[in-house]
Amino acid sequence: MDVLLVGGGGREHSLAWKLAQSPQIGKLYIAPGNGGTARLGENVPIGAMEFEKLADFAAEKNVGLTVCSMDDPLAAGIVDLFRERGLRIWGPSKSAARVESSKAFAKQLMSDAKVPTAAFKVFTAYAPALGYVRRQGVPIVIKASGLALGKGVYVCKTVEEAEAALKEILVDRVHNDAGSEVVIEEFLDGPEISIHALCDGSTHLMFPPSQDHKTIFEGNEGPMTGGMGTYVPVPWVDEDAMSGIEAQVVGPTLDALGRSGVQFTGLLYPGLKMTAEGPKVLEFNARFGDPECQAYMRLMKSDLLELLEASADGTLDGVRIEWQSGFAVNIVIASGGYPGEYKKGLPITGIEEAEKISGVVVFHAGTRLEGDVPVTNGGRVLGVSAVGRTLKEALDSAYKAADTIQFEGKYFRRDIGAGAL
Ligand code: GLY
């Protein structure tokens with residue numbers, strides 16, 4: 001079966017890497033792909049938001065399954081358009097993807113379903129929002145309700161910071177329409193984990209827990225990024241905790257969506273804070289995490305294509321996901337300056353040598369090929385993944401590989417997974 005994968009980040013390289021291993025795969029197309037996916041299939045020069053062109057391509061090439069795990073196209077209805085045209089696609093519909101594309105919707109859903117989450121209120125105007133902040137006090141969290149490229153969350157330690165955040169979102173509209181509504185919520189303290197559940201509209205399968213590291217600097221300091229590194233599983237989240245998360249978060253959320261007539265097919269990814277009062281949902285995503293996906297793909301033994309087909313077709317009941325024992329990690333190598341300004345087009349060396357290290361696979365994110373030479377083309381450039389029998393073994397291999405790769409200004413955090421060792 002031929003497959004079309006939509007996107008071109010590190011997550012998509014790892015999905016392509018895993019799909020390419022499926023015994024059922026025919027041709028693999030990636031639109032638009034990146035320097036890494038070009039080696040696994042055919043990169044197609046169509047953007048992820050060009051739905052009609054993607055659908056025309058899928059129809060013309062007789063693609064058996066299109067796979068989309070990106071927030072913007074899902075929020076804008078790529079799945080609905082493909083389905084209207086009778087084309088098979090994996091991912092949630094536009095209304096199901098609202099759990100990610102509208103934080104206000106997600107909070108209301110959680111409130112209705114009694115899913116544990118921070119106390120909150122939604123505002124569309126500056127003055128009442130600021131009045132609420134003053135009454136609640138700090139620390140407090142202010143979020144643009146819509147998709148804001150991961151930059152719409154403000155953790156405010158002073159009222160002045162909260163005032164500035166509200167002005168940026170509601171008055172200056174720096175996030176455009178994503179900031180027409182704000183969610184103001186109680187600050188939650190505790191470590192953050194990522195939960196992934198593969199869903200088919202009625203059945204869901206839980207992945208092991210993972211943890212991302214979202215700030216640019218070590219020790220969880222500095223500005224937020226798209227994610228600087230992950231490991232899976234998280235050893236301090238045991239089976240009982242996972243059963244609780246399934247029973248209190250994943251199940252009730254899917255049930256509440258179902259009651260409102262929305263079937264969630266695809267990947268539900270709640271980000272949780274593990275607070276002293278138990279797990280509480282920070283946010284929902286309607287797709288694989290990036291860089292979580294890269295670590296999951298390294299640990300998954302099952303055929304990903306078979307799982308995605310069952311998820312898209314509503315036949316997950318009775319299916320199991322097999323995982324390798326041990327750990328997988330993924331260290332993000334970023335361009336110097338990210339998440340602010342950074343240079344592009346810098347030649348990258350050492351990837352082949354890095355992949356000779358036992359257990360290592362390097363996933364491309366912001367790269368492109370100049371002839372045969374990979375050059376930087378984004379903020380998060382590469383994901384250096386490794387598997388090991390222990391977390392330490394996986395981290396040692398990944399860091400040795402990350403040290404082998406060179407480009408001007410390369411930057412990565414040296415403390416990924418350190419808190420779990
Ligand atoms: N790991 C962060 C994200 O995918 O949103």
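For ligands, and for the atoms within them, numbers begin at 1 and follow the listed sequence. None of these values were measured; they are calculated from a predicted model.
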- Note on the structure: Across all chains, not counting sequence neighbours, the side-chain hydrogen bond (donor to acceptor under 3.5 Å, both in side chains) partners of Glu277 are Lys280
Hey, which atoms in ligand 1 end up nearer than 4.0 Å to a heavy atom of [X]?
| X | answer |
| --- | --- |
| Gly289 | 4 (O) |
| Lys214 | 2 (C) |
| Asp212 | 1 (N), 2 (C) |

- Excluding sequence neighbours, so at least two apart, what forms ring pair (Phe, Tyr, Trp, His ring centres under 6.0 Å) with Tyr29? Phe57
- Task: Give me the ring orientation class for Phe207 and His196: parallel if the planes are under 30° apart, tilted from 30 to 60°, perpendicular past 60°.
- Result: parallel
- So, do Tyr132 and Phe123 have ring centers that fall under 6.0 Å from each other? yes
Can [X] be said to touch ligand 1, with heavy atoms closer than 4.0 Å?
| X | value |
| --- | --- |
| Phe288 | no |
| Gly227 | no |
| Gly226 | yes |

Answer yes or no: does an N/O atom from [X] fall short of 3.5 Å to an N/O atom of ligand 1?
| X | result |
| --- | --- |
| Tyr269 | yes |
| Glu283 | no |
| Asn285 | no |

- Query: Side chains of Gln211 and Tyr231: donor-acceptor distance under 3.5 Å anywhere?
  - Reply: yes
- Message: Rounded at 0.5 Å granularity, tell me how far OG1 in Thr66 sits from CZ in Arg88.
- Response: 10.0 Å
- Message: Could you identify the single nearest non-hydrogen protein atom to atom 5 (O) of ligand 1 and state the distance to 0.1 Å?
- Response: Arg287 NH2, 2.8 Å
- Would you say the side chain of Leu15 lies within less than 4.5 Å of the side chain of Met297, judging by non-hydrogen atoms? yes
